[in-house]
Amino acid sequence: MRVIIDRFEGEYAVVETDDGNFVNLPKILVPDAHEGDVVDIIINREETEKRSENIQNLMNDLFED
């Protein structure tokens with residue numbers, strides 16, 4: 001998903017989505033951004049899988065007989 005930073009309000013960046021809606025995004029997620037910047041939001045499937053495997057391994061260790 002691609003969003004465009006419209007403005008900043010307090011601790012939020014107000015961003016416009018592809019369909020024209022406006023959403024508040026915490027500024028901490030885009031610390032060096034400016035009004036008009038285009039921000040791509042992606043899902044990192046590879047890292048998600050790694051985290052899932054790590055959590056599963058921790059659970060297996062915890063509940064192991």
Side-chain angles (χ1 to χ4, degrees):
M1 170 182 268
R2 179 166 286 171
V3 297
I4 301 168
I5 297 178
D6 182 66
R7 65 187 178 279
F8 292 95
E9 292 183 357
E11 293 301 312
Y12 294 95
V14 180
V15 300
E16 184 177 2
T17 62
D18 290 337
D19 59 3
N21 289 314
F22 290 87
V23 178
N24 290 335
L25 183 70
K27 273 195 327 191
I28 195 167
L29 297 177
V30 289
D32 298 324
H34 300 90
E35 290 179 2
D37 282 351
V38 176
V39 178
D40 289 321
I41 301 172
I42 63 162
I43 298 172
N44 188 322
R45 301 280 184 209
E46 183 177 320
E47 287 299 318
T48 301
E49 182 62 29
K50 286 179 188 177
R51 288 180 50 84
S52 180
E53 288 174 7
N54 187 38
I55 290 168
Q56 187 61 49
N57 289 335
L58 290 170
M59 288 177 50
N60 290 343
D61 291 343
L62 183 63
F63 297 113
E64 174 176 276
D65 289 334

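Fair warning: this is a prediction, and the values are worked out from it, not measured in the lab. Along the sequence shown, residues carry numbers from 1.
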Can you confirm whether the side chains of Q56 and N60 place a donor and an acceptor under 3.5 Å from each other?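 Side-chain D/A pair, Q56 to N60: present.
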
Hydrophobic cluster membership, with links at side-chain heavy-atom distances under 4.5 Å among I/L/V/M/F/W/Y: are F8 and V23 in one?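 Linked, F8 and V23 end up in one cluster.
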
Would you mind writing out the side-chain donor-acceptor pairs for residues 27-39 within the sub-3.5 Å range, not counting sequence neighbours?
from: K27; atom 1: NZ; to: G10; atom 2: O; distance (Å): 3.1
from: H34; atom 1: ND1; to: D32; atom 2: O; distance (Å): 3.3
from: D37; atom 1: OD2; to: H34; atom 2: N; distance (Å): 2.7

side-chain hydrogen bond (donor to acceptor under 3.5 Å, both in side chains) with D40: which residues, sequence neighbours excluded?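 Testing D40 for side-chain hydrogen bond (donor to acceptor under 3.5 Å, both in side chains), a comparison that skips the adjacent residues, returns R2.
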
What residues form a side-chain hydrogen bond (donor to acceptor under 3.5 Å, both in side chains) with E11, not counting sequence neighbours?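 E11 satisfies side-chain hydrogen bond (donor to acceptor under 3.5 Å, both in side chains) with no residue once adjacent residues are dropped.
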
In terms of heavy-atom contacts, does CD1 of I43 have more than 12 from other residues, nucleotides or ligands at under 6.0 Å?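 At most 12 heavy atoms, drawn from other residues, nucleotides or ligands, come within 6.0 Å of this atom.
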
What residues, two or more places apart in sequence or in another chain, satisfy side chain to side chain contact (heavy atoms under 4.5 Å, CB included) together with E46?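 By the side chain to side chain contact (heavy atoms under 4.5 Å, CB included) rule, E46 matches N44, K50.
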
Could you point out which residue of L25, D6, I41 forms a side-chain contact (heavy atoms from CB on, under 4.5 Å) with V15?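 So the option named by the test is L25.
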
What's in the same ILVMFWY side-chain cluster as V14, cut-off under 4.5 Å, chained through other members?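 For the cluster that includes V14, the remaining residues are F22.
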
Members besides Y12 in its Ile/Leu/Val/Met/Phe/Trp/Tyr cluster (side-chain heavy atoms under 4.5 Å):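 ILVMFWY cluster around Y12 holds nothing else.
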
